[in-house]
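A short worksheet on the structure shown next.
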Amino acid sequence: LSALFSLKTAEEVNEKLNGLRLEESADFRNVTLKEPRGSATPQSVDWRKHGLVSPVQNQGMCGSCWAFSSLGALEGQMKRRTGVLVPLSPQNLVDCSTSDGNQGCRGGYISKSFSYVIRNRGVDSERFYPYEHQNGKCRYSLRGKAGYCSDFHILPGGDEGALQAAVASEGPVAVALNAMLKSFHLYRG
């Protein structure tokens with residue numbers, strides 16, 4: 001399990017995470033924190049109530065969850081900074097980030113998605129570059145550019161406390177799990 005989110009520096013993350021004490025919880029939609037006195041961190045935060053989470057989407061038969069996850073986090077970060085939630089184009093990542101190591105509908109990596117957006121200096125909006133549920137030819141255009149990323153931070157794998165603190169202090173993060181493992185196929189709850 002790993003998580004990523006867009007920030008200027010890793011120091012910003014460490015500064016915000018330092019000193020937080022977390023309750024045990026597996027449901028990160030509504031994060032509750034136990035905090036030291038005088039801390040500015042809220043006791044509870046639900047980013048849906050703040051408009052930082054876009055509606056649930058369907059990737060169809062295309063293995064593009066990595067694209068949806070990375071752009072969902074980027075949309076939330078952009079909403080925090082601009083006040084506007086703009087749906088970004090997973091199809092843009094599916095079609096155009098193969099040179100960064102992603103494999104379109106055959107899978108990809110959140111970190112490589114952010115690397116593409118940084119290298120490309122942007123990503124198109126969903127409206128300009130709609131989702132097609134299949135691999136296609138790269139059609140990125142500056143006219144459709146609706147988002148960008150200057151940097152990202154990778155949280156330590158398996159550290160639920162770091163994940164909970166990042167969600168509470170930074171907003172929505174991108175998360176990926178390997179659903180191809182046989183053990184995951186029997187997952188029930």
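All values below come from the heavy atoms of this structure, side chains included, with hydrogens, waters and symmetry mates left out. Source: prediction; values computed, not measured.
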Full working for side chain to side chain contact (heavy atoms under 4.5 Å, CB included) between Arg119 and Ser99: CA-CA 11 Å; Arg119 177 183 60 76; Ser99 64; 3.3 Å; yes
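- In terms of heavy atoms, Gly144 sits closest to Asp124 at C-OD1, 2.9 Å.
- Note: Lys145 NZ to Ser89 OG = 14.5 Å, rounded to the nearest 0.5 Å.
- The main-chain N or O of Lys112 is never found under 3.5 Å from a side-chain atom of Asp100 such that the two would form a donor-acceptor pair.
- Panel note: side chain Ser169, backbone Ala165; a donor-acceptor pair is recorded below 3.5 Å.
- A salt bridge links Glu132 and Arg139; the closest N-O separation between the charged side-chain nitrogens and carboxylate oxygens is under 4.0 Å.
- Using a 4.5 Å cut-off on side-chain heavy atoms (C-beta onward), Tyr116 and Leu93 make contact.
- Residues Phe152 and Phe114 share a closest heavy-atom pair of CD2-CB, 3.3 Å.
- The structure places CD of Gln77 at 13.0 Å from NZ of Lys79, a figure rounded to the nearest 0.5 Å.
- Within 6.0 Å of the CZ atom in Arg127, the count of heavy atoms belonging to other residues, nucleotides or ligands does not exceed 12.
- Within the 4.5 Å cutoff, side-chain heavy atoms of Tyr131 are placed close to those of Glu126.
- Open room surrounds OH on Tyr109; 12 or fewer heavy atoms of other groups in view lie less than 6.0 Å from it.
- Val117 and Tyr129 fall into different hydrophobic clusters, where Ile, Leu, Val, Met, Phe, Trp and Tyr side chains are chained together by heavy-atom contacts under 4.5 Å.
- Side-chain contact check for Val173 versus Val175: some heavy-atom pair is nearer than 4.5 Å.
- In terms of heavy atoms, Gly76 sits closest to Leu85 at N-CD1, 4.4 Å.
- Minimum interatomic distance between Ser70 and Ala174 (heavy atoms only, all atoms of both residues): CA-CB, 3.8 Å.
- Between Tyr140 and Asp95, the side chains place no donor N or O within less than 3.5 Å of an acceptor N or O (distance only, hydrogens not considered).
- A donor-acceptor pair under 3.5 Å links the side-chain atoms of Asn58 to the main chain of Gly60, judged by distance alone.
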Using the side chain to side chain contact (heavy atoms under 4.5 Å, CB included) rule, take Glu75 and Ser54 through it: C-alpha gap first, then chi angles, then the decisive distance, then the call. CA-CA 8 Å; Glu75 290 166 0; Ser54 56; 3.0 Å; yes
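- Although no hydrogens or angles enter the test, the distance criterion places a donor-acceptor pair under 3.5 Å between the side chain of Trp66 and the main chain of Gly104.
- Between the CG atom of Asn92 and the OG atom of Ser141 there is a distance of 10.0 Å, given to the nearest 0.5 Å.
- Residue Pro172 comes nearest to Val53 through the heavy atom pair CG-CG2, 4.1 Å, listed as atom of the first residue, atom of the second, then distance.
- How far SG of Cys138 is from CD of Gln91: 10.0 Å, rounded to the nearest 0.5 Å.
- Between Leu155 and Ala166 the shortest heavy-atom distance is CD1-CB, 3.8 Å.
- By the 4.5 Å heavy-atom criterion applied to side chains, Phe68 and Val56 are not counted as neighbours.
- Note that the CE atom of Met78 and the CG atom of Leu52 stand 11.5 Å from one another [nearest 0.5 Å].
- Remark: Cys96 SG to Asn102 CG distance equals 11.0 Å, nearest 0.5 Å.
- You'll find the side chain of Glu170 reaches within 4.5 Å of the side chain of Arg80, heavy atoms only.
- Under the 30°/60° scheme for interplanar angles, the aromatic rings of Trp47 and His50 are found to be tilted.
- A heavy-atom distance below 4.5 Å is not found between the side chains of Ser150 and Ile118.
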Kindly indicate, with the supporting measurements, whether the criterion side chain to side chain donor-acceptor pair (under 3.5 Å) is fulfilled by Gln59 and Ser64. CA-CA 6 Å; Gln59 73 186 48; Ser64 57; 4.7 Å; no
